[in-house]
Amino acid sequence: MKRIIIDCDPGNGIAGANVDDGLALAVALGSPGIALELITIVAGNTPAEVGFNVAKDLIDRLGLAVPVLKGAGQALVEPHGPWREALDNRVHSSGLSHLWNGVRQPQRFTAPAKTAADAIGERICASPGEITLVALGPLTNVALALERYPAMAEAVQEIAIMGGVFALDDFIKDTNFGLDPEAAKAVLNSGANITLVPMDVTTQTLLTHADLDRIASLETPLSRYVVETLRPWLDYSIHTRRLSGCWIHDALVVAWLMNQQIATAADYFVDVEIRPGQTRGKSWRYRPPLRVNIGIEAPAGGPIHVLKTVDNARLLSLIEYALAG
């Protein structure tokens, strides 16, 4: 049984918000090989308060006792105003907000006083080598946990991160690293055992209406939640991104923990640009031997395991297996 913590920014049920965090949570909750011990929320895809309500609502709907804690409401340095405005306006400017008509909104809850960063650091340091931290949003909570609990870098079994983009047309940076470049840099250079799942591989994933129809036929609480909250986002993605479905970035991270045969990977040095300018938040990578040839210092954290290709059919099968409960 793999013990995990998921740090995320879910938006299921929220007009214009991506739903892949909620799908990843559902897959983790349904997988018999995963014990989800804690869910922590960071501002990103949605404000921290909204993401907390989304995750807590899911746990309550399922009658589970997984603790949900709210974390950072903004980045370490990056001002959140411009990003927040752009994210909040994306659906309204598209004229597609009606797609969410009739979708159940998450209830509102009062968040516990304990902060996400403290809970992450304390739990991992109390069980060295036993817990995997799955980071699906900006890395603010993770960076704060590493700062407050330095032993965490060695104590965590693995940090599996959805973030970064290296060689994808039309993307200078991804949202997760772009929202908090300093946090991303701190985590990547922490020396922890890290697996990175960048957009280069997550945009090889695809979930269609036909796939969602198969999930609907499972008739489980998890499948009903996924179908209800993914339908509008899937249609939104088809209209705005000219895809035949939607990417399922975060679900790939959890599925890879279930079965590493679904993806190929290689080790790279990885870092993030934090200087002002258009490339602030951009990630870059190179193979470990290359530093000798070009005469530059390697990032402090050492090589990182980076996913490169994915078997989408096998990924979808794993998701269906988990959602069958």
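Keep in mind it's a predicted model, so treat the numbers as computed, not measured. In what follows, residues are counted from 1 in the order of the sequence shown. Values reported hereafter were calculated over all heavy atoms of this structure, with side chains retained and with hydrogens, waters and symmetry mates removed.
- Within 6.0 Å of CZ in R104 there are more than 12 heavy atoms belonging to other residues, nucleotides or ligands.
- Taking both residues in full, the closest heavy atoms of Q278 and I172 are given as O-CG2, 3.8 Å, listed atom of the first, atom of the second, then distance.
- Here the straight-line distance linking atom CG of L36 with atom CD1 of I6 works out to 5.0 Å at 0.5 Å rounding.
- Judged as a salt bridge (Lys or Arg N to Asp or Glu O under 4.0 Å), and not counting sequence neighbours, the contacts of R84 are D88.
- The salt bridge (Lys or Arg N to Asp or Glu O under 4.0 Å) search around K114 returns E122, not counting sequence neighbours.
- Looking at heavy atoms from C-beta onward, L307 lies out of side-chain contact with L196 at the 4.5 angstrom threshold.
- A 4.5 Å side-chain heavy-atom check between E37 and I4 finds every atom pair outside the cut-off.
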Any chance you could lay out the side-chain hydrogen bond (donor to acceptor under 3.5 Å, both in side chains) test for H209 and D235, step after step, and finish with the verdict? CA-CA 9 Å; H209 276 297; D235 285 327; 2.7 Å; yes
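- Here the CD-OG1 distance, from E49 to T110, works out to 12.0 Å after rounding to the nearest 0.5 Å.
- For the residue pair E158 and T195, a side-chain donor N or O sits within less than 3.5 Å of a side-chain acceptor on the partner.
- Residues I274 and L188 are members of separate hydrophobic clusters, defined by side-chain heavy-atom contacts under 4.5 angstrom among Ile, Leu, Val, Met, Phe, Trp and Tyr.
- Between the side chains of S244 and T208, no donor-acceptor pair is found at a separation under 3.5 Å.
- In this structure, V187 and I161 have side chains that are in contact, with non-hydrogen atoms separated by less than 4.5 Å.
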N/O donor-acceptor pairs under 3.5 Å from side chains in residues 246-256, not counting sequence neighbours:
from, atom 1, to, atom 2, distance (Å)
W247, NE1, T203, O, 3.3
H249, ND1, T202, OG1, 2.7
D250, OD2, D21, N, 3.4

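- Residues L146 and F177 fall within the same hydrophobic cluster, defined by Ile, Leu, Val, Met, Phe, Trp and Tyr side chains chained together at heavy-atom separations under 4.5 Å.
- At a threshold of 4.0 Å, the pair R231-D213 counts as salt-bridged, since one of the basic side-chain nitrogens sits closer than that to a carboxylate oxygen.
- Across all their heavy atoms, A143 and A186 have their closest contact at CB-CB, 4.4 Å.
- Contact of the I39 side chain with the C8 side chain is registered, since non-hydrogen atoms from C-beta on lie closer than 4.5 Å.
- Side-chain atoms of N176 and M162, non-hydrogen and from C-beta on, do get closer than 4.5 Å to each other.
- In this structure, the side chain to side chain contact (heavy atoms under 4.5 Å, CB included) partners of S94, at least two apart in sequence or on a different chain, are V91, L96, Y236, T240.
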Sequence neighbours left out, cut at 3.5 Å: what donor-acceptor pairs do the side chains of residues 129-140 make with other protein atoms?
from, atom 1, to, atom 2, distance (Å)
E130, OE1, R3, NH1, 2.4
T132, OG1, Q157, OE1, 3.1
T140, OG1, D180, OD2, 2.7

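- One N or O on the side chain of T264 and one on the backbone of T309 form a donor-acceptor pair closer than 3.5 Å.
- Inspection of the T40 and D7 side chains reveals an N or O donor paired with an N or O acceptor under 3.5 Å.
- Residues F109 and V66 share a hydrophobic cluster, clusters being chains of Ile/Leu/Val/Met/Phe/Trp/Tyr side chains in contact below 4.5 Å.
- In this structure, R280 pairs ionically with E78, as a charged nitrogen and a carboxylate oxygen lie closer than 4.0 Å.
- Every residue was checked against the salt bridge (Lys or Arg N to Asp or Glu O under 4.0 Å) condition with D200, not counting sequence neighbours, and none meets it.
- The salt bridge (Lys or Arg N to Asp or Glu O under 4.0 Å) search around R314 returns none, not counting sequence neighbours.
- Going from atom NZ of K282 over to atom CH2 of W284 covers 11.5 Å, rounded to the nearest 0.5 Å.
- Residues V201 and Y286 do not share a hydrophobic cluster, defined by chaining ILVMFWY side chains whose heavy atoms lie under 4.5 Å apart.
- By the criterion of side-chain heavy atoms lying less than 4.5 angstrom apart, applied directly or through intervening Ile, Leu, Val, Met, Phe, Trp or Tyr residues, I41 is grouped together with I14 in one hydrophobic cluster.
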Determine all donor-acceptor pairs shorter than 3.5 Å in which one atom belongs to a side chain in residues 316-325; sequence neighbours excluded.
from, atom 1, to, atom 2, distance (Å)
S317, OG, A313, O, 3.1
E320, OE2, R214, NE, 3.0
E320, OE2, R214, NH2, 3.0

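- For the pair W100 and W233, the minimum side-chain heavy-atom distance is below 4.5 Å.
- Rounding to the nearest 0.5 angstrom, the gap separating the CG atom in L230 from the OG atom in S237 is 10.0 Å.
- Of all heavy-atom pairs between G22 and P10, the closest is N-CB, 4.4 Å.
- Under the side chain to side chain contact (heavy atoms under 4.5 Å, CB included) test applied with V226, the options T220, L207, L23 reduce to a single match, L23.
- At least one donor-acceptor pair under 3.5 Å links the side chain of N45 to the backbone N or O of N18.
- F269 does not carry R285 over the face of its six-membered ring by the limits of under 6.0 Å from the centre and within 45° of the normal.
- Separating the OG1 atom in T175 from the CG atom in L87 is a distance of 6.0 Å, to the nearest 0.5 Å.
- By the side chain to side chain contact (heavy atoms under 4.5 Å, CB included) test, P112 pairs with F52, L69, sequence neighbours left out.
- Between P198 and V306, some side-chain heavy-atom pair lies under the 4.5 Å cut-off.
- The shortest heavy-atom contact between A192 and I159 is CB-CD1, 3.8 Å.
- Remark: E219 engages R224 in a side chain to side chain contact (heavy atoms under 4.5 Å, CB included) (not counting sequence neighbours).
- In this structure, L257 and K2 approach most closely via the heavy-atom pair O-CE, 3.8 Å.
- Cluster partners of L76, using a side-chain heavy-atom cutoff of under 4.5 Å among ILVMFWY residues and allowing indirect links, are V77, L144.
- At a threshold of 4.0 Å, the pair E228-R61 counts as salt-bridged, since one of the basic side-chain nitrogens sits closer than that to a carboxylate oxygen.
- Between the CD1 atom in I5 and the CG atom in N141 there is a gap of 11.0 Å [rounded to 0.5 Å].
- Taking every heavy atom of both residues into account, N12 and P106 meet most closely at O-CD, 4.3 Å.
- Side chain of S97 to main chain of H92: no donor-acceptor pair is present (N/O by atom type, distance under 3.5 Å, no hydrogens or angles).
- Residues passing the side chain to side chain donor-acceptor pair (under 3.5 Å) test with D118, sequence neighbours excluded: T115, R148, Y149.
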Please evaluate residues K56 and D60 with respect to the criterion salt bridge (Lys or Arg N to Asp or Glu O under 4.0 Å), reporting the C-alpha separation (whole Å), side-chain torsions for both, the decisive distance (0.1 Å), and the verdict. CA-CA 6 Å; K56 179 64 175 170; D60 273 26; 3.5 Å; yes
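- A heavy-atom distance below 4.5 Å is not found between the side chains of Q107 and N53.
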